[in-house]
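The next block holds one structure in the form of structure tokens; read it before the comments.
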2 protein chains.
Amino acid sequence: MANKNIISNANDAAPSLIQSKRQIERYNLDVDAQAVLVAARLMEAGSKLGHASEIHFSRFGLSTGRYRLLADLEDNEGEELPSQLAEHLGVTRATVTGLIDILERDGLVSRRTSATDGRQRSVVLTEQGARKLRDMAPEHFARLEAMVGLLSVEERSVFLDLLGRVTQGISALTDEPGKVKEHIRKE
Amino acid sequence: MANKNIISNANDAAPSLIQSKRQIERYNLDVDAQAVLVAARLMEAGSKLGHASEIHFSRFGLSTGRYRLLADLEDNEGEELPSQLAEHLGVTRATVTGLIDILERDGLVSRRTSATDGRQRSVVLTEQGARKLRDMAPEHFARLEAMVGLLSVEERSVFLDLLGRVTQGISALTDEPGKVKEHIRKE
DNA sequence: CTCATATAGTTAGGAACCTAACTATATTTC
DNA sequence: GAAATATAGTTAGGTTCCTAACTATATGAG
């Protein structure tokens, strides 16, 4: 039954302004539909980017988290404590343990127990780990650059500014109930 | 002491331009550091938003995916096929099966076998499901609006435009090797 | 000095989403 | 009309990251 939707976009069902408007009007709420649309689009972009990122790094036998761990190690003279890594990457220590397990199994990092504090086990970037980063750098950064290639230099600045403010606003989703209004901008 | 992890992630290690620059210079690559920064920040924002979103919806006993499924049902007269839901939500049919399982267990949707096609089992929003959406709407949309409250109306338009183009560019991460350059903007 | 407490890392188990394979039904082809 | 093929939904098992509880070591109070 030739069911081929002409607009059968492979996977993007981007939320539309109409959609947001309908959802709001259904309950007679006093909310700006465009604001809701921004939230919906950003959420969609984030999940899409997260997925694409995993595909990207899997080309090199890594995941997003494991790459970020290696890169952070490289930024810190090749040695860090798991707790430092957790803070830098914005994940829990438990997650870091798992990332290290696999990276160590693959020979990209190694664990070393501290002489001064028996609880600490610092993580060291191996020669093989450094080589992995070196080998993937050209393609990795070229792809990142291509990703924002549709924006001019000035537009990138603007985007960074706006994205930064929206990122601040994310806490409105997690704040305790009374606090939500504080995010509204005085106009 | 007191180990207040609650706000510990507020200790944002947002990627900096300096960091991007160093990473690029380490390998003498001809890449725009600002572009890399945009990519890194967007990735961070996406993951942060995803996490905040789960916290937000868990207040109502839902997950992000289950809410989106209910909302999509509501947008479609309260009845849809799992395969349609999968396409609208941008997830696989397998994921939709899992979402429905829980929503059905909680009485928010029900499954109904099709009379015309024995393979199809359409999903119906129950009265309880509709009530859930109605009850959460005011707080839900207020929080979404607050999230972008630091942007003026004009800024939101600009942000939507720029975000749209970056979102298009995401495919640069997943395209086959030769195709990356196509994303570069003619300047 | 000893005991209570804090900290570093790990383990155990859960949630969300994925891919691949499977079951059941429909459609096409000869 | 029967066999081959396609499609809808489900199941099985994997990945990433989470929270909570646990082990081992360090520190501080009496």
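- The terminal axes of the helix from C/dC1-D/dG30 to C/dC30-D/dG1, fitted over 5 pairs per end, subtend an angle of 0° to the nearest 10°.
- Within 4.0 Å (heavy atoms only), A/T92 reaches at least one base atom of the nucleic acid.
- Atom CE of A/M43 is separated from atom P of C/dC17 by 12 Å (rounded to the nearest Å).
- Taking atom CG of residue B/L89 and atom P of nucleotide C/dA16, one finds them 14 Å apart after rounding to whole Å.
- Rounded to whole Å, the distance from NZ on A/K48 to C1' on C/dA16 is 20 Å.
- Between B/S83 and D/dT7 there is no side-chain N or O to OP1 or OP2 distance below 4.0 Å.
- Under the 3.5 Å distance criterion, with hydrogens and angles disregarded, no donor-acceptor pair is assigned to the side chains of A/T174 and A/S171.
- As a whole-Å value, the separation of A/E87 CD from C/dA8 C1' is 14 Å.
- Checking the phosphate oxygens (OP1, OP2) of C/dT10, a side-chain nitrogen or oxygen of A/T97 falls inside 4.0 Å.
- Note on B/R111: a side-chain N or O is less than 4.0 Å away from OP1 or OP2 of D/dT10.
- One interatomic measurement links the two molecules: CD of B/Q120 to C1' of D/dG9, which rounds to 10 Å at whole-angstrom precision.
- When atom types are taken as modelled, the side chain of B/R68 and the backbone of B/L89 share a donor-acceptor pair closer than 3.5 angstrom.
- The side chain of A/A94 sits closest to D/dT19 out of D/dT19, D/dG9, C/dA8.
- The side chain of B/E54 sits closest to C/dA16 out of C/dA16, D/dC17, D/dT11.
- When each of A/T64 and B/D117 is assigned the nucleotide of DNA chain D with its nearest heavy atom, B/D117 is the one assigned upstream, toward the 5' end.
- In this structure, NE2 of B/H51 is placed 12 Å from P of C/dA16, rounded to the nearest angstrom.
- When distances are taken from the side chain of A/P82 to each of C/dG9, D/dT11, D/dC17, the shortest belongs to C/dG9.
- C/dT10 atom P lies 13 Å from atom CD1 of A/I102, rounded to whole Å.
- In this structure, B/T95 reaches the bases: a heavy-atom distance under 4.0 Å links it to at least one base atom across the strands shown.
- Atoms CD1 and CZ, from B/I24 and B/R22 in turn, are 12.0 Å apart once rounded to the nearest 0.5 Å.
- Distance CZ (B/R93) to P (D/dT10): 10 Å, rounded to an integer number of Å.
- The aromatic rings of A/H140 and A/F57 sit tilted relative to each other, their planes meeting at an angle between 30° and 60°.
- With DNA chain D read from its 5' end, the first of the two nearest nucleotides for A/S63 and A/R119 is the one closest to A/S63.
- Atom CZ of B/R26 is surrounded by more than 12 heavy atoms from other residues, nucleotides or ligands within 6.0 Å.
- The nearest pair of heavy atoms linking A/V36 to A/S20 is CG1-OG, 4.0 Å.
- Side-chain atoms of A/Q128 and A/T126 include no donor-acceptor pair closer than 3.5 Å.
- When B/V166, B/V38, B/L162, B/V158 are each tested for a side chain to side chain contact (heavy atoms under 4.5 Å, CB included) with A/E155, only one passes: B/L162.
- Nucleic acid contact for B/R121: sugar-phosphate only, since backbone atoms but no base atoms lie under 4.0 Å from a heavy atom of the residue.
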